[in-house]
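Here's the structure, in structure tokens; my notes come after.
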Number of protein chains: 2
Amino acid sequence: MLYTVGEMAKRLGIAPSTLRYYDKEGLLPFVERSGGGIRVFKDADYEWLKIIECLKKTGMSLKDIKEFVVMAMQGDETIEPRLSLIVKQKEAVKAQIAELEETLRTLEFKEWYYETAKENGSTDVPRNMTLDELPEQFRDVKVRLRGE
Amino acid sequence: MLYTVGEMAKRLGIAPSTLRYYDKEGLLPFVERSGGGIRVFKDADYEWLKIIECLKKTGMSLKDIKEFVVMAMQGDETIEPRLSLIVKQKEAVKAQIAELEETLRTLEFKEWYYETAKENGSTDVPRNMTLDELPEQFRDVKVRLRGE
DNA sequence: TCTTGACTTCAAGTTAACTTTAAGGTGTAT
DNA sequence: ATACACCTTAAAGTTAACTTGAAGTCAAGA
């Protein structure tokens, strides 16, 4: 199957201008052109774009993603650095998940805080509780919020 | 304890200019001033700043965080909308974690892909494997990369 | 052949969240 | 009293990742 920029953008759920921008920035060296100069995307290019999307979700910049794509175009000599990069991003994502899990715990504490405020008609009630009065799963969150 | 903008910034690990910017944007209505016009941060303000940091980590914009802070300044009439907002952000963070876990699975597939390429001296080997040749935990990842 | 819609490039505009700069004021230590 | 580090504001600058606009080209259907 072959696709125009608009068709591929639709398949990916992004704007065609985004694909043109990525191409301009050198992220899509694998995309070919028709005789008339129109971009022709192949199914293999879709896979590439999904990898770019994946790397973007890890927080990588377009500049760094470009380096990865360019490496891949060099062929098999760059297998090792590509592997290292993937492993590095994997660790980065694990760290992001851990941070979001901390954030979630803070939000759960705040949820309890406002539930308790709602039941009692005032935020004074949860705010003035001593550490041993609040549910034990929130004690460390509260301590962290107060300044380690 | 009382702190200047520089001291509080250091305690939070951010730039003083960031705190001044937040103040200018209306995110810090709780911060008071000395007779000479200098910002005076209290320990309770540190807690507020940690909450702002938490909301920022959920992906909320400064504009929306400001609305939350402003609501809190209104007092106990706004307990319910504040609770709703916290619950909404909690769900948003859960979705973000789920998405990062998908991303992680894709990276693990790519790690296997390049490990296999490295062992065989060529990306041809993992690339040309049929679905049933690759480790079964990666089959659905591969299918997704190819286009659902 | 003509129309039409989608394609092309290049340049300029947008947005969020800061950061920097300039010119000047504050407050504490000697 | 003077120095010095740190504070103040306002305005302008930065960055990444797009998005939009203008002017023109390509390709498929009637």
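Every chain is numbered from 1 and lettered A, B, ... according to where its sequence line falls, protein lines coming before strand lines. Predicted model, so just to flag it, every value in this text is computed and none were measured.
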By nearest-nucleotide position on DNA chain D, the 5'-leaning member of A/Met60 and A/Ser34 is A/Met60
Less than 4.0 Å between a side-chain N and a carboxylate O, is that true for [Y] and [X]?
X: B/Glu115; Y: B/Lys110; result: no
X: A/Glu7; Y: A/Lys10; result: no
X: A/Arg144; Y: A/Glu102; result: yes
X: A/Glu111; Y: B/Lys90; result: yes
X: A/Asp140; Y: A/Arg105; result: yes

Residues B/Met8 and B/Leu49: closest non-hydrogen pair is CG-CD1, 3.8 Å
Tell me which of B/Ile38 and A/Arg33 sits closer to the 5' end of DNA chain C, going by the nucleotide each one is nearest to. A/Arg33
Sorted by number, residues from residues 4-27 of chain A placing a heavy atom under 4.0 Å from DNA chain D are A/Ala15, A/Ser17, A/Thr18, A/Tyr21, A/Tyr22
Classify the angle between the aromatic ring planes of B/Trp112 and B/Phe138 as parallel (below 30°), tilted (30 to 60°) or perpendicular (above 60°). tilted
Walk along DNA chain D from 5' to 3' and tell me the first and last nucleotide with an atom closer than 4.0 Å to a non-hydrogen atom of chain A. D/dA17 to D/dA27
Could you go through B/Arg20 and B/Asp23, starting from their C-alpha distance and side-chain angles, then the distance that decides it, and tell me whether this counts as salt bridge (Lys or Arg N to Asp or Glu O under 4.0 Å)? CA-CA 5 Å; B/Arg20 294 197 188 100; B/Asp23 194 14; over 6 Å; no
